[in-house]
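What follows is a short report on a single structure.
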Amino acid sequence: MKNELQLLIESLEKKVQILQQIFSISKDQYELAGEEEFQPDEFDRLVDEKDGLLKDMERLDEGFDRTYQRIRDELQDKKELYREEIGSLQDLIKQTVDLGAQIQASEARAKDRMSGAILRIRQELNQRKTTARTVSDYYKTSNNIKYVDSIFLDKKK
């Protein structure tokens with residue numbers, strides 16, 4: 001039983017580490033979305049890195065759930081015997097909940113900033129299209145004008 005509890009504690013400690021990394025990546029995404037020159041490759045790399053961490057966390061959660069289901073009844077019957085381990089588990093769970101809330105807030109801020117960045121990029125693209133169209137129209141117009149002799153000049157000499 002002590003081994004299973006230690007396994008649960010280690011699983012939650014790893015989950016806290018993963019959540020801290022995810023929080024750090026979310027802050028990086030927020031900063032990246034606010035930069036003057038948006039870097040889509042860097043943003044994609046951060047998304048991929050976060051995706052890998054989320055998959056790792058999902059595996060940890062599945063293992064935690066399976067282990068907890070195995071020892072749940074005995075743990076509830078002998079709470080006094082495992083008081084220290086239960087306290088550690090509760091502290092770690094509180095940390096994961098707090099980190100989860102911080103991540104949600106960070107993700108919301110990053111999403112808002114990213115929406116602004118996307119809007120700015122769209123405006124820049126529209127401006128470039130307009131400029132390119134204007135230049136193209138100018139050259140088309142100037143190439144279609146035929147040279148006309150002046151009607152006011154006297155051709156007699």
Side-chain angles (χ1 to χ4, degrees), residues 1-140:
M1 179 69 164
K2 287 264 188 192
N3 288 339
E4 283 91 355
L5 283 172
Q6 190 59 38
L7 186 64
L8 292 177
I9 290 170
E10 289 173 7
S11 175
L12 284 175
E13 287 171 342
K14 288 178 184 175
K15 185 174 180 176
V16 166
Q17 290 174 350
I18 289 173
L19 286 170
Q20 288 170 338
Q21 290 175 321
I22 290 172
F23 182 62
S24 175
I25 291 171
S26 293
K27 289 193 304 189
D28 291 345
Q29 286 177 318
Y30 175 79
E31 295 298 321
L32 188 63
E35 289 181 0
E36 189 69 29
E37 185 68 31
F38 183 70
Q39 302 168 9
D41 293 337
E42 180 65 16
F43 193 83
D44 287 345
R45 185 191 65 77
L46 291 172
V47 168
D48 291 342
E49 187 176 341
K50 192 187 300 184
D51 184 52
L53 290 170
L54 289 171
K55 288 178 182 175
D56 291 344
M57 193 170 64
E58 187 175 310
R59 284 191 292 273
L60 280 173
D61 285 344
E62 290 171 0
F64 182 92
D65 288 341
R66 281 193 306 266
T67 303
Y68 179 74
Q69 293 303 322
R70 264 195 331 261
I71 65 170
R72 180 181 61 195
D73 293 335
E74 184 179 346
L75 188 61
Q76 290 174 350
D77 292 341
K78 301 177 182 179
K79 287 180 182 178
E80 293 301 318
L81 187 60
Y82 304 111
R83 180 184 304 262
E84 186 177 320
E85 288 86 355
I86 291 172
S88 294
L89 286 170
Q90 289 172 335
D91 289 342
L92 288 167
I93 290 171
K94 183 181 180 309
Q95 286 179 29
T96 61
V97 170
D98 290 345
L99 280 169
Q102 290 176 348
I103 290 169
Q104 280 185 321
S106 178
E107 291 287 325
R109 286 189 301 271
K111 180 183 175 189
D112 289 344
R113 193 174 248 195
M114 189 64 194
S115 296
I118 290 172
L119 180 63
R120 187 180 69 240
I121 290 169
R122 282 185 181 155
Q123 289 172 342
E124 289 174 9
L125 287 175
N126 286 337
Q127 181 64 34
R128 288 180 185 171
K129 284 181 185 177
T130 302
T131 302
R133 191 175 328 116
T134 303
V135 169
S136 175
D137 289 347
Y138 171 78
Y139 283 117
K140 285 179 186 176

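Computed from a predicted structure; not experimentally measured. Positions are given from 1, in the same order as the sequence printed here.
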> Do you know the tightest heavy-atom contact between I18 and L53?
Replying inline: CG2-O, 3.6 Å
>> Quick test of your reading of the model: are R59 and D56 salt-bridged, counting only N-O distances below 4.0 Å?
In response: yes
> CG of L119 to CE of M114: how many Å apart, nearest 0.5 Å?
Replying inline: 12.0 Å
> Of all heavy-atom pairs between I86 and K79, which one has the smallest distance, and what is that distance?
Replying inline: CD1-O, 3.9 Å
> Side chain of S11, backbone of L7: donor and acceptor closer than 3.5 Å?
Replying inline: no
> Can you tell me how far the CD atom of Q21 sits from the CG atom of L99, to the nearest 0.5 Å?
Replying inline: 11.5 Å
>> Any heavy-atom pair between the side chains of E13 and Q17 that's under 4.5 Å?
In response: no
> Mind checking whether L19 and F23 have side chains closer than 4.5 Å, heavy atoms only?
Replying inline: no
> Checking salt bridge (Lys or Arg N to Asp or Glu O under 4.0 Å) for the pair D137/R133: CA distance, chi angles, key distance, verdict?
Replying inline: CA-CA 6 Å; D137 289 347; R133 191 175 328 116; over 6 Å; no
> Just by modelled atom types, is the A132 backbone N or O under 3.5 Å from a matching donor or acceptor in the S136 side chain?
Replying inline: no
> Once you round to the nearest 0.5 Å, how far does CD1 of I118 lie from CD of Q123?
Replying inline: 12.5 Å
> Is the backbone N or O of I103 less than 3.5 Å from a side-chain atom of S106, with the two atoms forming a donor-acceptor pair by type?
Replying inline: no
> Is a salt bridge present between E31 and K27, judged by a nitrogen-to-oxygen distance below 4.0 Å?
Replying inline: no
> Salt bridge or not for D41 and R45, using N-O below 4.0 Å?
Replying inline: no
> Minimum heavy-atom separation for L89 to L12, with atom names?
Replying inline: CD2-CD1, 3.6 Å
>> A quick test of your reading: do over 12 heavy atoms of other residues, nucleotides or ligands sit less than 6.0 Å from CD of E84?
In response: no
> Taking the side chain from R113 and the backbone from Y30, do they hold a donor-acceptor pair closer than 3.5 Å?
Replying inline: yes
>> Measuring from atom CG of L8 to atom CZ of R70, what distance do you get when rounded to the nearest 0.5 angstrom?
In response: 8.5 Å
> Do Y68 and E4 have side-chain heavy atoms sitting under 4.5 Å apart?
Replying inline: no
>> Within this structure, what is the CG-NZ distance for the pair D98 and K94, rounded to the nearest 0.5 Å?
In response: 4.0 Å
> Does the side chain of Q69 pick up a donor-acceptor pair with the side chain of R66 at under 3.5 Å?
Replying inline: no
> Should the pair D51-K55 be classified as a salt bridge under the 4.0 Å nitrogen-to-oxygen rule?
Replying inline: yes
> Just by modelled atom types, is the G63 backbone N or O under 3.5 Å from a matching donor or acceptor in the T67 side chain?
Replying inline: yes
>> Salt bridge check, E124 against K129: does any charged N sit closer than 4.0 Å to a carboxylate O?
In response: no
> Which heavy-atom pair separates E85 from I9 by the least distance, and what is that distance?
Replying inline: O-CD1, 4.0 Å
> Does K50 reach the side chain of Q29, with side-chain heavy atoms less than 4.5 Å apart?
Replying inline: yes
> Which heavy-atom pair separates K15 from L60 by the least distance, and what is that distance?
Replying inline: N-CD1, 3.8 Å
> Which distance, rounded to the nearest 0.5 Å, do you find between the CG of L92 and the CD of E10?
Replying inline: 11.0 Å
